Amino acid sequence: MVLTKKEILKLINEKGVGFSPVLDQFQLQPHAVDLRLGYNFRLPKSWKLEKEGRKVLTIDPLESPEDNFEEIVLTPGQYFELRPKEFIIAVTMEEIHLNTENLMAVLYPRSSINRRGLSLDLSGIIDVGYKGKLVMPLMNNTNDQIIRIYPGERICQIVFEQLASNINPTEAKLHGVAQAKYHKNDSVASRKDNNEEIEMIKNGKVSELKKLYPVIT
């Protein structure tokens, strides 16, 4: 069940959902909440200097080391310009607290953002019990336009969905066989999956992985 403005306000008043900083009237929609763009951005690096010389970075999605990104932190009043086809990682201004055991949310782009030529892809599920800011992949999808964005503008929206049954805090933090990667995580950077899973994938042992970790019903 998708929650409407009435249920969202009730949850906020009862501390079932929290936002920091608190919401303003512009952000509350009939069945969603708009979130504002924060001040932290991460830009992918294309090269690094090592003892052998200048080395072009190869991005391995199974590794995602921190030094593949450069962080930029703006101050109030500054803006950020995206070059054509440039990809960055951004973060919301608000930190969200889901304090209800039968509530999750889904992050969507605002349609007005997409119409500006920005691609803010569906960024995924906000898990039961999540506490922290939300991370968003953002790209200038145009061929020749520079697009300016401002910290504080409404960039995305979240839709709250009620679950059929409760999930306790221990269950909420267990994703597959590992702890949730982004719970209470304010970093804008990507984080790796489970090390054993990564190594088995790299070595082409997906069949063995499935045998080692069968779903027990």
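Predicted model, so just to flag it, every value in this text is computed and none were measured.
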Q: With side-chain contact (heavy atoms from CB on, under 4.5 Å) as the criterion, how do V106 and I126 come out once you've worked through the C-alpha distance, each side chain's angles and the decisive distance to 0.1 Å?
A: CA-CA 6 Å; V106 182; I126 306 166; over 6 Å; no
Q: Assess, by modelled atom type and distance only, whether the side chains of E94 and Q27 contain a donor and an acceptor separated by less than 3.5 Å.
A: yes
Q: Closest heavy-atom contact between V159 and A32?
A: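 Smallest interatomic distance, heavy atoms only, reads CG2-CB, 4.1 Å.
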Q: For E199 and E196, indicate whether the former's side chain and the latter's backbone hold a donor-acceptor pair under 3.5 Å.
A: no
Q: Give me the atom names and distance for the closest heavy-atom approach of M136 to L107.
A: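 Between these two residues, the closest heavy atoms are CG-CD2, 4.0 Å.
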Q: Without swapping roles, check the side chain of N140 against the backbone of L82 for a donor-acceptor pair under 3.5 Å.
A: yes
Q: Please name the pair of heavy atoms, one in P151 and one in Q78, separated by the smallest distance, quoted to 0.1 Å.
A: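 Closest approach of P151 to Q78, heavy atoms only: CD-O, 3.2 Å.
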Q: At their closest point, which heavy atom of A90 faces which heavy atom of L37, and how far apart are they?
A: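 Minimum heavy-atom contact is CB-CD1, 3.8 Å.
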Q: Nearest 0.5 angstrom please: S111 OG to Q157 CD, how far?
A: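 Those atoms lie 7.0 Å apart.
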Q: Using a 4.5 Å cut-off on heavy atoms from C-beta on, say whether the side chain of I96 contacts that of L35.
A: no
Q: How long is the gap from CD1 on I72 to CZ on F80, to the nearest 0.5 Å?
A: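 I72 atom CD1 to F80 atom CZ measures 5.0 Å (nearest 0.5 Å).
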Q: Between T100 (side chain only) and G16 (backbone N and O only), is there a donor and an acceptor less than 3.5 Å apart?
A: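 Looks like yes, one N/O pair under 3.5 Å.
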Q: Is the side chain of E52 donor-acceptor paired with the backbone N or O of L49 at a distance under 3.5 Å, no angle test?
A: no
Q: How about K210: does its NZ atom have over 12 heavy atoms from other parts shown lying under 6.0 Å from it?
A: no
Q: Does I125 share a hydrophobic cluster with Y108, counting links as ILVMFWY side-chain heavy atoms below 4.5 Å and allowing steps through other members?
A: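 Same cluster.
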Q: So do the side chains of L74 and F41 get within less than 4.5 Å of each other, counting heavy atoms only?
A: yes
Q: So, the side chain of T142 versus the backbone of Q145: is there a donor-acceptor pair under 3.5 Å, distance only?
A: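 Yes.
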Q: Taking side chain to side chain contact (heavy atoms under 4.5 Å, CB included) as the criterion, tell me which of N40, I89, T92 meets it with V135.
A: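 Result: among N40, I89, T92, I89 is the only option passing the side chain to side chain contact (heavy atoms under 4.5 Å, CB included) with V135.
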Q: Salt bridge (charged side-chain N to carboxylate O under 4.0 Å, His left out): which pairs involve residues 16-25, sequence neighbours left out?
A: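 Pairs touching residues 16-25 that pass the test: D24-R36.
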Q: How long is the gap from CG on N166 to CG on L103, to the nearest 0.5 Å?
A: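 N166 CG to L103 CG: 10.5 Å, rounded to 0.5 Å.
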Q: Would a hydrophobic clustering, with Ile, Leu, Val, Met, Phe, Trp and Tyr connected at side-chain separations under 4.5 Å, put Y150 with I147?
A: no
Q: Output all residues satisfying salt bridge (charged side-chain N to carboxylate O under 4.0 Å, His left out) with E86, sequence neighbours left out; order by chain, then residue number.
A: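 E86 satisfies salt bridge (charged side-chain N to carboxylate O under 4.0 Å, His left out) with R83 only.
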Q: I'd like to know if the side chain of N141 and the backbone of S119 have a donor-acceptor N/O pair within less than 3.5 Å.
A: no
Q: Could you give the distance from CG (L120) to CD1 (I155), rounded to the nearest 0.5 Å?
A: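 Between atom CG of L120 and atom CD1 of I155 there are 5.5 Å.
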Q: Could you give the distance from CD1 (I158) to CD1 (I8), rounded to the nearest 0.5 Å?
A: 8.0 Å
Q: May I ask whether F87 and V56 are part of the same hydrophobic cluster, defined by side-chain heavy atoms of I, L, V, M, F, W, Y residues being less than 4.5 angstrom apart, directly or through others?
A: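 Hydrophobic grouping puts F87 apart from V56.
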Q: Closest approach of K55 and E50, non-hydrogen atoms and distance?
A: NZ-OE1, 2.9 Å
Q: State the NZ-CG distance between K205 and L212, to the nearest 0.5 angstrom.
A: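 Output value for this atom pair is 11.0 Å.
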Q: Cluster question for you: counting only ILVMFWY and a side-chain heavy-atom cut-off of under 4.5 Å, with indirect links fine, are I12 and M1 together?
A: yes
Q: Under 4.5 Å between any side-chain heavy atoms of N99 and K131, yes or no?
A: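 Contact flag for N99/K131 side chains = yes.
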Q: Check this for me, if you would: do E153 and R110 make a salt bridge, where the nitrogen-to-carboxylate-oxygen distance has to be below 4.0 angstrom?
A: no
Q: Could you tell me if the side chain of V2 sits less than 4.5 Å from the side chain of E161, heavy atoms only?
A: yes
Q: Can you classify the ring geometry of F19 versus F160 as parallel (below 30°), tilted (30 to 60°) or perpendicular (above 60°)?
A: perpendicular
Q: Check F69 against R42 and note the closest heavy-atom contact, atom names and distance.
A: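 Minimum heavy-atom separation between F69 and R42: CB-NE, 3.4 Å.
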